[in-house]
Undergrad: 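My questions all concern the structure below.
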Amino acid sequence: MRDIIGNIEIRAIEELFINIHPIQPGGRLTPEAMKALISYGDGYSTCDWCRKPFRLDKIRRPPIEEFHVKLAEFLGMDQVRVVPGARRGFQAVVSSMIEKGDSVIVSSLAHYTEFLAVEAAKGVVKEVPLNENHVITGENTAKKIEEVKKETGVFPKLIMMDHFDYMLGNEHDVRGVARVAKDYGIPFMYNGAYTIGVMPVNGREIGADFLVGSGHKSFASPAPSGILATTEEWSDRVFRTTQMVGDVTKRKFGIKEVEMMGCTLMGATLIAMMASFSTIKERVKHWDKEVEKINYFVKEFLKIQGNKVMSELPRKHTLTKLDTRGSFDKIAQTHKRRGFFFSDELKKRKIVGEFVGATKTWKMNTYGLTWNQIRYLAQALQDIARKYNIDVA
């Protein structure tokens, strides 16, 4: 069997290959989540036992209400909601905090969805510059806040900062940023799209007012899924309930939450996230092992003459940006397949996930690979180098 139906192929990437895709590894489903997809795949499957007050996070069977409570505890926050992706978490926070013309502080490596969330609210993005190590610091954040105050006459209304960015996978000083935010009295939103679900994250310890996570990037959950958590101080604002009344019917809609558009992550996406939760709680305890593996790989990767790593070293995250302009890209210049030769060689060795045809700079992620797979991956790249007469130390 090659197709599900028609020309919709069966996807067997994780079963047949070593997948180093930069954004897929943390979202690999657990066996329990796979079962949940089948069992709760029908559109409104979670509504079987929905009773008053008719809100998703209040459903007790399956134990969705209990999951919300335990998830908040896991993240060191007071209130949590599940949302259709981290971007909807950004949107909920920004739309509830920002008015037209308000400034929002973000990283110079911020994800585009942070920009879109601010633009949708008619706010203005103000970027914190990177330091010489391509990292955001609390000091530079404070300088940017003062610049905005001098330029506009008022302080920014929100700070949104990525713990690890999506471009280089570098770690940014979120604790320092949180301290600066507190000093200035500005709410701080921690972007944990690449951390929540793969490494320990405690919002209270960090000093965050809001945490946003991605189910399909880091929580072993289907897309689209995400997490938004906050403290009691801000919960009434970001999770405000509807007050509107129909002028003809006089209808009201009880405790439906405005930023959540009522119910959010229904059906199989939510239940699969719940099914993966026990695995998530265990795997975050072993983040140090994942970091150890990527640093081993990087050491072997750099033995290939001309190879460089664009991300900070030693690595603190499994998402890493590589530079092979001095090695594989030189071969691509004269190869009849150009840059695709490299993808061909990787696929022959059952490795996929790199940007097909890229030989200059590209990202990869080793999260979840076994030690045997890590060693095989490193050896495969060295074997390709030797095949094309690139020196390997």
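As the structure is a prediction and not an experimental result, all values here were calculated from the model.
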Undergrad: Taking side-chain hydrogen bond (donor to acceptor under 3.5 Å, both in side chains) as the criterion, tell me which of K348, E354, R337 meets it with S343.
TA: E354
Undergrad: Are the side chains of K330 and Y388 in touch, meaning some heavy atoms are under 4.5 Å apart?
TA: no
Undergrad: Going through the distances and angles, do R204 and D78 end up as a salt bridge (charged side-chain N to carboxylate O under 4.0 Å, His left out)?
TA: CA-CA 9 Å; R204 192 169 286 107; D78 298 317; 2.9 Å; yes
Undergrad: Pick from T366, N365, N295: which one makes a side-chain hydrogen bond (donor to acceptor under 3.5 Å, both in side chains) with T318?
TA: N365
Undergrad: Would you say the side-chain atoms of K144 pair up with the backbone N or O of E127, donor to acceptor, closer than 3.5 Å?
TA: yes
Undergrad: To the nearest 0.5 Å, how far apart are CD1 in I136 and CG in D165?
TA: 8.5 Å
Undergrad: Does atom NZ (K289) have a neighbourhood of more than 12 heavy atoms from anything else shown, all under 6.0 Å?
TA: no
Undergrad: Mind checking whether D3 and I8 have side chains closer than 4.5 Å, heavy atoms only?
TA: no
Undergrad: Is the number of heavy atoms from other residues, nucleotides or ligands under 6.0 Å of D236 CG greater than 12?
TA: no
Undergrad: If every non-hydrogen atom of M364 is compared with every non-hydrogen atom of L377, which pair is closest and at what distance?
TA: CE-CD2, 3.8 Å
Undergrad: Say whether I98 and V83 are linked into one hydrophobic cluster, either directly or through other cluster members, by side-chain heavy-atom distances under 4.5 angstrom.
TA: yes
Undergrad: Of the non-hydrogen atoms in A268 and L37, which two are nearest, and what is the gap between them?
TA: CB-CD2, 3.8 Å
Undergrad: Measuring from I145:CD1 to I186:CD1, what's the distance to the nearest 0.5 Å?
TA: 4.0 Å
Undergrad: What do you reckon, are the aromatic ring centroids of F342 and W362 less than 6.0 Å apart?
TA: yes
Undergrad: Would a distance-only check, ignoring hydrogens and angles, find a side-chain to backbone donor-acceptor pair under 3.5 Å from N307 to F301?
TA: yes
Undergrad: Can you find a pair of side-chain heavy atoms, one from L109 and one from H172, that are under 4.5 Å apart?
TA: yes
Undergrad: Where the side chain of D102 meets the backbone of E99, is there a donor-acceptor pair that is under 3.5 Å apart?
TA: yes
Undergrad: Would you kindly confirm whether V174 and L228 end up in one hydrophobic cluster when ILVMFWY residues are joined by side chain heavy atoms under 4.5 Å apart?
TA: no
Undergrad: Of all heavy-atom pairs between L211 and L75, which one has the smallest distance, and what is that distance?
TA: CD1-O, 3.6 Å
Undergrad: Just by distance, do the side chain of E312 and the backbone of E171 share a donor-acceptor pair under 3.5 Å?
TA: yes
Undergrad: When you look at CZ of R386, are more than 12 heavy atoms from neighbouring residues, nucleotides or ligands closer to it than 6.0 Å?
TA: yes
Undergrad: If you count every heavy atom of other residues, nucleotides or ligands that lies below 6.0 Å from R11 atom CZ, does the total exceed 12?
TA: yes
Undergrad: Minimum heavy-atom separation for F188 to A181, with atom names?
TA: CB-CB, 3.8 Å
Undergrad: Is it the case that more than 12 heavy atoms not belonging to K182 sit under 6.0 Å from its NZ atom?
TA: no
Undergrad: Is the shortest distance from a Lys or Arg side-chain nitrogen in R349 or E345 to a carboxylate oxygen in the other one below 4.0 Å?
TA: yes
Undergrad: Work out which heavy atom in Y40 is nearest to a heavy atom in S45; give both atom names and the distance.
TA: O-OG, 2.8 Å
Undergrad: May I ask you to test the I206-N202 pair for a side-chain heavy-atom distance under 4.5 Å?
TA: no
Undergrad: For residues D209 and M77, report the shortest heavy-atom separation together with the two atoms involved.
TA: O-CE, 3.6 Å
Undergrad: Taking the six-membered ring for Trp, are Y194 and H163 ring centroids under 6.0 Å apart?
TA: no
Undergrad: With salt bridge (charged side-chain N to carboxylate O under 4.0 Å, His left out) as the criterion, how do K70 and E73 come out once you've worked through the C-alpha distance, each side chain's angles and the decisive distance to 0.1 Å?
TA: CA-CA 5 Å; K70 290 183 176 179; E73 292 174 355; over 6 Å; no
Undergrad: Within the distance-only criterion (no hydrogens, no angle test), does the side chain of S311 pair as donor or acceptor with the backbone N or O of L168 below 3.5 angstrom?
TA: yes
Undergrad: Do the non-hydrogen side-chain atoms of R81 and T264 ever get within less than 4.5 Å of each other?
TA: no
Undergrad: Look at the side chain of S96 and the backbone N and O of A92, then say whether any donor-acceptor pair between them is shorter than 3.5 Å.
TA: yes
Undergrad: Can you find a pair of side-chain heavy atoms, one from V104 and one from V124, that are under 4.5 Å apart?
TA: no
Undergrad: Step by step, work out the salt bridge (charged side-chain N to carboxylate O under 4.0 Å, His left out) result for K126 and E147.
TA: CA-CA 10 Å; K126 299 292 184 180; E147 287 177 17; over 6 Å; no
Undergrad: Show me the side-chain donor-acceptor pairs of residues 212-222 shorter than 3.5 Å, one per line, residues at least two apart or across chains.
TA:
{"residue": "S214", "atom": "OG", "partner": "K217", "partner atom": "N", "Å": "3.1"}
{"residue": "H216", "atom": "ND1", "partner": "S225", "partner atom": "N", "Å": "3.1"}
{"residue": "H216", "atom": "ND1", "partner": "S225", "partner atom": "O", "Å": "3.3"}
{"residue": "S218", "atom": "OG", "partner": "A193", "partner atom": "O", "Å": "2.6"}
{"residue": "S221", "atom": "OG", "partner": "F219", "partner atom": "O", "Å": "2.8"}

Undergrad: Please indicate whether E119 has more than 12 foreign heavy atoms, meaning atoms of other residues, nucleotides or ligands, lying under 6.0 Å from its CD.
TA: no
Undergrad: Could you tell me whether the side chain of F277 reaches within less than 4.5 Å of the side chain of E32, counting heavy atoms only?
TA: no
Undergrad: Please lay out, stage by stage, how V284 and I196 fare under the test side-chain contact (heavy atoms from CB on, under 4.5 Å).
TA: CA-CA 9 Å; V284 298; I196 293 173; over 6 Å; no
Undergrad: Please check if atom NE2 in H134 has more than 12 non-hydrogen atoms from other residues, nucleotides or ligands closer than 6.0 Å.
TA: no
Undergrad: Assess whether atom NZ of K35 is packed by more than 12 heavy atoms of other residues, nucleotides or ligands within 6.0 Å.
TA: no
Undergrad: Could you tell me if the side chain of Y184 sits less than 4.5 Å from the side chain of K149, heavy atoms only?
TA: no
Undergrad: Look at the side chain of D329 and the backbone N and O of T324, then say whether any donor-acceptor pair between them is shorter than 3.5 Å.
TA: no
Undergrad: Run the salt bridge (charged side-chain N to carboxylate O under 4.0 Å, His left out) check on E290 and K293 step by step: do they pass?
TA: CA-CA 5 Å; E290 298 295 337; K293 291 174 192 172; 3.8 Å; yes
Undergrad: Between R55 and G254, is there a donor-acceptor pair closer than 3.5 Å when you use the side chain of the first and the backbone of the second?
TA: no
Undergrad: Ignoring hydrogens and angles, tell me if any N or O in the side chain of D323 forms a donor-acceptor pair with the backbone of K308 under 3.5 Å.
TA: no
Undergrad: Taking K256's backbone N and O only, do any of them form a donor-acceptor pair with T241's side chain (distance below 3.5 Å, no angle check)?
TA: no
